2 protein chains.
Amino acid sequence: MGATAQRRLSNSASGLTGHGANSACRLTVLGATGSIGQSTLDLVARHPDRFEVIALTAQCQVEALADAARRHNAKLAVIGDETLLGELRDALAGTGIRVAAGANAVVEAAQEPADCVMASIVGAAGLRPTFAAAAQGRRIALANKECLVSAGDVFTAEITRTGAELLPVDSEHSAAFQALAGADAETIEKIVLTASGGPFRTWDAAALEAVTPEQALRHPNWSMGAKVTIDSATLMNKGLELIEAFHLFPVGVEALDCVVHPQSIVHCLVSYTDGSVMAQLAPPDMRTPIAVALAWPRRMAAPTAKLDLAQLGSLTFEAPDEVRFPALRVAKAAMRRGATAPAVLNAANEIAVAAFLGRRLKFLDIARLVEDTIELAERQGAIAPAACLDDILAIDAIGRRLAAEQLARYESP
Amino acid sequence: MGATAQRRLSNSASGLTGHGANSACRLTVLGATGSIGQSTLDLVARHPDRFEVIALTAQCQVEALADAARRHNAKLAVIGDETLLGELRDALAGTGIRVAAGANAVVEAAQEPADCVMASIVGAAGLRPTFAAAAQGRRIALANKECLVSAGDVFTAEITRTGAELLPVDSEHSAAFQALAGADAETIEKIVLTASGGPFRTWDAAALEAVTPEQALRHPNWSMGAKVTIDSATLMNKGLELIEAFHLFPVGVEALDCVVHPQSIVHCLVSYTDGSVMAQLAPPDMRTPIAVALAWPRRMAAPTAKLDLAQLGSLTFEAPDEVRFPALRVAKAAMRRGATAPAVLNAANEIAVAAFLGRRLKFLDIARLVEDTIELAERQGAIAPAACLDDILAIDAIGRRLAAEQLARYESP
């Protein structure tokens, strides 16, 4: 459990940053046109005195990026796709907003002086920019999963080295972060993330074998992208979140667990040695965890629906079934294995989910393919400690290649 | 809402006290032989390096007091009943433990140098000793209800004057305290205490008219004394807790509410402007809130049952019915009226509950008698701001007298 010392959170008193109520927070948003980026800017617009927008980046949505940059009077707008530089320049002509394009420009945007960087680029593309923000010792509101799932050890080491702060934006981790505020590690007994259970919570194994992409894409509580919706249906999502939690919070793998809670109102529960269990509840709206990350250790208003428990009536909980939902078991095993096992897990899962969505893989074979890929990687000696981000990118590529090779064995004839 | 400035809690960073892990906490327990006192000493026995017991007091249980004093190597043992001094002296002969007796000696025990005073004397008898601890600027773990219900304005003014700290020991207020830790007042939207609903939660009005003391004394979740069990059945208990919460926490009456939650697992929920609702859950065991108060801002282990949500299955919530349970409405009105209205409420309720237990008053007449008494006190000009504890004791006596006078009107012929 050597990672413990590397994990660093900012919810202890010592981690408080300086900008008080009177000085605006200089904010950069990486992935400004995505769902988290847009929700972030929605909150920024509601608190105009509180924020000064530094840099905004997007991969290819020029118009939305230019619009956001103008509305928020950003200093810099960066488009990831280099071929779109001209379009962006035209869109922002005469505004005085600097423009740039390309992957390196996105990294440079992350390095601009700022008090807080919202790291909301989805997928592996978010790794280099978020690492760049960490290298600058910034406060990072982290919405990118890969930094912790694939690159957890390396990323948290970088955070520790530079004194950066990490504030999780995922609802479950934000809930854990709030429920943990200020706690000594030795008084934490358990961190339990909740899982909606997805659309197939009550389905039996035979029915699960026949699940179609259309069925899997109907999530009961959250409206999300296709990849994360499938992960939510397999419960792989919860496994990935456990791995993230392991890197975020000062507990061992045995203290991390999840419970199925179909209403998605309670997002995490933290048990302490004194018998107290602190939980965070909120209606499903990402603006709450974003507001928490942006304002911590204080709070700022978010225009979310109010929770009415009496109207809700009942919150239910059940143990997750790792037999019907083997992805959770496979992810937990990868978490326990550590080193690059979670990176291979994540890479293989991306290949498997894409294959499922392309009707080349059955629903339950997603977890099987991932498990096989990790075993294969282990046999090939690819599961080993990573020293730097390049190691992670290399193992990510290996995981994808091995998973793609395995895929043929599973494909429906 | 002039009381806001007077309310003082120790869960902000500025309120942290000094004794760290390495110096033992000098602890005095007022009411050491009662349920809270015994649970406190149970925890102390489990953490021998953490505490140094200074003074223990009891009203009349000599043997239990002497036993506790010996076991915990107390410096001082005080029995409230003066006639029992000789018995206490004999019981502790040769131990070197100082002994004393009488109400003034209990007050002096509260004034002994200590880091923390557990104020767990039940009822009006707890007022003077707890005020004495407050006058010394001590950290007070408060289990006595009357200090806040009857004497709230005066007590919190004394706490503010001396810089004493207040840590609530009641499960609901401890839950609120934990869920509020460090929050700015302006970010708190609502504090919702939970109520079990008592044994008559689902009874209709006609059935409630005929409730017997035996029926009312069967509480579904907690094993408590007769008075508080009846208060729990009428929901007056929750009304009294709302008044306490008003004095403990920096919110107005409109931000305070309760919700019926039959499982008594969630004890309080605090809603914030960002949409987050922080809740504390725990199996019903007073050692949890006691441990919280003793160790805050850290935590210490308590040997309580572990919460297993999956096994529990479901947590339910419903709006309280102030028509069937009018005591809640009457208590809320007294909270809004302020001044000495809550003191009259509390005094009249004690008379009414005693009359109910003595079969001299019907169950639903408890709230009616209390409401009538407050109205009578108002007409007589007795509802007015109190300046000191003596004012409170005087109005308490008036409330009891008026309630007793009213009682004749209600008594069954």
Side-chain angles (χ1 to χ4, degrees), chain A residues 13 16 43 174-175 178-179 181-184 186-190 192 194 259-261 265-266 269 271-283 285 287-292 294-295 297-320, chain B residues 13 16 43 174-175 178-179 181-184 186-190 192 194 259-261 265-266 269 271-283 285 287-292 294-295 297-320:
Chain A
L16 307 185
L43 286 171
S174 174
Q178 295 174 66
D184 297 325
E186 67 271 22
T187 66
I188 306 165
E189 219 155 55
K190 225 165 175 63
V192 179
T194 62
V259 67
V260 173
H261 167 50
I265 294 295
V266 181
L269 304 109
S271 307
Y272 292 97
T273 50
D274 62 12
S276 289
V277 178
M278 299 305 298
Q280 191 254 17
L281 298 75
D285 187 325
R287 288 177 299 186
T288 291
I290 293 169
V292 170
L294 293 180
R298 312 190 74 173
R299 290 182 185 270
M300 62 185 243
T304 61
K306 299 300 165 197
L307 188 64
D308 184 338
L309 280 182
Q311 198 192 5
L312 208 63
S314 168
L315 302 173
T316 64
F317 302 89
E318 55 196 57
Chain B
L16 305 186
L43 287 170
S174 174
Q178 294 174 66
D184 297 325
E186 67 271 22
T187 65
I188 306 166
E189 220 154 56
K190 226 165 174 67
V192 179
T194 61
V259 67
V260 173
H261 167 49
I265 294 296
V266 182
L269 304 109
S271 307
Y272 291 96
T273 51
D274 62 13
S276 288
V277 178
M278 299 304 297
Q280 191 254 16
L281 298 76
D285 187 324
R287 288 176 298 186
T288 291
I290 293 169
V292 170
L294 292 180
R298 312 190 75 173
R299 291 183 184 268
M300 62 186 242
T304 62
K306 299 302 166 197
L307 190 63
D308 184 337
L309 280 180
Q311 198 193 6
L312 209 64
S314 169
L315 302 174
T316 64
F317 302 89
E318 55 196 56

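Scope of the values below: all heavy atoms of this structure, side chains included, with no hydrogens, waters or symmetry mates. Remember, predicted model here, so these are calculated numbers, not experimental data. Naming: A, B, ... by sequence-line order, numbering from 1 per chain.
Using a 4.5 Å cut-off between heavy atoms, B:Met300 contacts chain A through its backbone alone, with no side-chain atom that close. Neither the backbone nor the side chain of B:Gln311 comes within less than 4.5 Å of any heavy atom in chain A. Heavy-atom distances place both the backbone and the side chain of A:Ser314 under 4.5 Å from chain B. Looking at B:Gln280, both its backbone and its side chain come within 4.5 Å of chain A, counting heavy atoms on both sides. Both the backbone and the side chain of A:Ser276 come within contact range of chain B, with heavy atoms under 4.5 Å apart.
Put simply, of A:Pro320, A:Ala279, A:Ser174, A:Pro303, the one with the most heavy-atom pairs under 4.5 Å next to chain B is A:Ala279. Chain A forms the most heavy-atom pairs under 4.5 Å with one residue out of B:Ser271, B:Ala291, B:Gly313, and that residue is B:Gly313. Contact tally against chain B (heavy-atom pairs below 4.5 Å) for A:Leu307, A:Val259, A:Asp184, A:Leu269: the top residue is A:Asp184. When each of B:Thr187, B:Leu312, B:Val192, B:Leu281 is checked for heavy-atom pairs under 4.5 Å with chain A, B:Leu281 comes out on top. With chain A as the partner, the residue from B:Val292, B:Val266, B:Ile290 showing the most heavy-atom pairs under 4.5 Å is B:Val292.
Nearest heavy-atom pair, B:Phe317 versus A:Leu315, reported as atom, atom and distance to 0.1 Å: CE1-CD1, 3.7 Å. Annotation for A:Asp274 and B:Thr304: closest pair O-OG1, 4.0 Å, computed over non-hydrogen atoms. Closest approach of A:Ala282 to B:Gly275, counting heavy atoms only: CB-O, 3.5 Å.
Looking only at side-chain heavy atoms (C-beta outward), A:Glu189 and B:Lys306 come within less than 4.5 Å of each other.
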